Amino acid sequence: MSTSIKHDDAPAGARSFTTKPRRGTKVRRQRVKAAWLFLAPMLIALTLVAGWPLVRTFFLSFTDASLSDLGAANLIGFENYLVYDDGRWYGVLADSVWWQSVWNTVYFSVVSVSLEVVFGVIVALILNAEFKGRVIVRAAVLIPWAIPTIVSAQMWAWMLNDQFGIINHLLMNVGIIDAPIAWTANAAYSMWAVIMVDVWKTIPFVALLVLAALQMLAKDCYEAAEVDGIHPLRVFFKVTLPLITPALMVAVIFRLLDALRVFDVIYVLTSNSTSTMSMSVYARQQLVEFQDVGYGSAASTLLFLIIALATVAYLYVGRKQIQLGGD
């Protein structure tokens, strides 16, 4: 309530209150209007660059469009997704290769992101410590992240080659293996080879975000813990980890989005192998090699929906955990 105002004709001791308009309301509206004004160019650009291709992909998924003649596409409803005809189910959702690619993608995402978080935190803790040449080490750690994915994947493809790869050569010299292993051609090793390459490349990204969070932590609590003789491992789990959780959440959500739509590193290392085929590789195969734009668009749409659902679920769970931690 605002300041009270007395009326002349009011009884003695009585007061009538009038509400003044809040000045902040007008200022707030102006700020919101200015914010939308500044965001408008970016939103328009996003609509043109991302929104229109996304809508077009949705539309093409309901057609029988072919790469050779997109203009001759006809609407066929949900047949690209799932249809029952002549006693059999057809469509992306009835394709065993599609479900294999979904499993490959989920497995790759969970394992690679988990390893990246663990090793990223370890690297960040090392880089946060005081030692000689820390600046040089920090710069060197970022090199894998700076190399383009295609270049790093091809580099590892050469090193993992069973004929002339240096990895096999080193392992045989130290006696770990007796014969060369086809790391990217053998189904038993190909997925782990892909995960290893992806983890090697993206650890610096997680480490950089965690390091930034570590740099902002107050040192008073650590000094007090050292004086009290608390074990460093306990300090990490009770103090450091809860404080860097927001940064870890950002790292995980970005890496999870990248991992779910992974294409380049898998395609360069193993091409269209079903043992490592991701959802993106599957969609590319339908679109480019089989020239079935409608079918490939349906696979791309399902990929988008899976990523969207995974993002929403992760953000919801993460927010709940932060709220519980704050309470």
Side-chain angles (χ1 to χ4, degrees), residues 97-98 100-120 122-123 138-172 176-177 180-209 251-290 296 299-300 303-304 306-307 310:
V97 180
W98 162 255
Q100 179 65 39
S101 70
V102 172
W103 164 249
N104 290 340
T105 306
V106 173
Y107 182 82
F108 169 84
S109 302
V110 172
V111 175
S112 62
V113 173
S114 299
L115 292 174
E116 288 157 14
V117 168
V118 172
F119 288 111
I122 294 173
V123 171
R138 285 182 177 181
V141 166
L142 292 176
I143 291 176
W145 179 251
I147 300 175
T149 306
I150 295 293
V151 176
S152 62
Q154 188 60 59
M155 176 183 70
W156 277 100
W158 289 332
M159 291 194 296
L160 292 170
N161 188 275
D162 58 328
Q163 299 296 324
F164 52 80
I166 191 173
I167 301 296
N168 280 317
H169 179 71
L170 292 175
L171 292 177
M172 285 191 295
I176 296 178
I177 59 175
I181 297 175
W183 297 100
T184 57
N186 191 325
Y189 304 106
S190 56
M191 178 57 77
W192 283 103
V194 170
I195 290 173
M196 179 192 68
V197 174
D198 186 73
V199 170
W200 172 83
K201 175 170 174 53
T202 51
I203 281 177
F205 172 75
V206 179
L208 189 64
L209 291 180
V252 169
I253 192 62
F254 273 97
R255 283 300 309 132
L256 188 63
L257 290 175
D258 278 341
L260 286 173
R261 59 185 177 84
V262 63
F263 171 80
D264 39 17
V265 64
I266 290 180
Y267 189 75
V268 170
L269 289 172
T270 61
S271 189
N272 290 325
S273 173
T274 54
S275 61
T276 58
M277 179 180 288
S278 67
M279 292 183 285
S280 296
V281 174
Y282 177 90
R284 182 259 174 201
Q285 185 183 51
Q286 303 299 324
L287 284 165
V288 178
E289 295 186 12
F290 301 158
S300 300
L303 169 60
F304 169 78
I306 290 172
I307 292 176

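Treat the numbers as computed from the prediction; the structure is a model and nothing was measured.
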Quiz item: If we only count heavy atoms from C-beta on, is the Val111 to Trp192 side-chain gap below 4.5 Å?
Solution: yes
Practice problem: For residues Ile167 and Trp156, determine if any side-chain heavy atom of one lies less than 4.5 Å from a side-chain heavy atom of the other. | Solution: yes
Practice problem: Please answer whether the main-chain N or O of Thr149 pairs with a side-chain N or O of Asp264 as donor and acceptor at a distance below 3.5 Å. | Solution: no
Exercise. With the side chain counted from C-beta on, respond yes when Trp98 and Met279 share a heavy-atom pair under 4.5 Å apart, and no when they do not.
Key: yes
Quiz item: Atom CD1 of Ile176 and atom CD1 of Ile181: how far apart are they, to the nearest 0.5 Å?
Solution: 10.0 Å
Quiz item: Side-chain contact, heavy-atom cut-off 4.5 Å: Val281 with Ser101?
Solution: no
Quiz item: Nearest 0.5 Å, what's the OH-CD1 distance between Tyr267 and Ile150?
Solution: 10.0 Å
Quiz prompt | Closest non-hydrogen atom pair, Ala259 against Val113 | solution = CB-CG2, 4.2 Å
Practice problem: List the steps, then state whether side-chain hydrogen bond (donor to acceptor under 3.5 Å, both in side chains) holds for Glu116 with Thr202. | Solution: CA-CA 7 Å; Glu116 288 157 14; Thr202 51; 2.7 Å; yes
Self-check item: Approximate separation, where rounding is to 0.5 Å, of Ile306 CD1 and Arg261 CZ
Solution: 15.0 Å
Exercise. Could you tell me whether a side-chain N or O of Lys201 sits under 3.5 Å from a main-chain N or O of Met196, the two making a donor and an acceptor?
Key: no
Quiz item: Between CD1 of Ile195 and CG of Leu115, what distance do you get to the nearest 0.5 Å?
Solution: 7.5 Å
Quiz item: In Å, rounded to the nearest 0.5 Å, how long is the span from CD1 of Ile166 to CG of Asn161?
Solution: 12.5 Å
Quiz item: Taking all non-hydrogen atoms of both residues, which atom of Ala193 and which atom of Trp183 are closest, and how far apart?
Solution: CB-O, 3.9 Å
Quiz item: Which heavy atom in Val262 sits nearest to a heavy atom in Ser278, and how many Å separate them?
Solution: O-OG, 2.8 Å
Practice problem: Report, as yes or no, whether the 6.0 Å neighbourhood of atom OH on Tyr189 holds more than 12 heavy atoms from other residues, nucleotides or ligands. | Solution: no
Quiz prompt | salt bridge (charged side-chain N to carboxylate O under 4.0 Å, His left out) between Arg255 and Asp258, worked out | solution = CA-CA 5 Å; Arg255 283 300 309 132; Asp258 278 341; 3.4 Å; yes
Quiz item: Do you know which two heavy atoms are closest between Pro204 and Val141, and how far apart they sit?
Solution: CG-O, 3.0 Å
Quiz item: In Å and rounded to the nearest 0.5 Å, what is the CG to OG1 distance from Leu303 to Thr105?
Solution: 7.5 Å
Quiz prompt | Sequence-distant partners of Ser275, side chain to side chain donor-acceptor pair (under 3.5 Å), two or more places apart | solution = Ser190, Ser273
Quiz item: Is the number of heavy atoms from other residues, nucleotides or ligands within 6.0 Å of CZ (Phe119) greater than 12?
Solution: no
Practice problem: Kindly say whether Thr274 contributes a backbone atom to a donor-acceptor pair with the side chain of Asn104 at under 3.5 angstrom? | Solution: yes
Exercise. Test side-chain hydrogen bond (donor to acceptor under 3.5 Å, both in side chains) on Glu289 and Asn272 and set out the steps.
Key: CA-CA 10 Å; Glu289 295 186 12; Asn272 290 325; 2.6 Å; yes
Quiz item: Of all heavy-atom pairs between Phe164 and Trp158, which one has the smallest distance, and what is that distance?
Solution: CE1-O, 3.9 Å
Quiz item: Closest approach of Leu160 and Thr184, non-hydrogen atoms and distance?
Solution: CD1-CG2, 4.2 Å
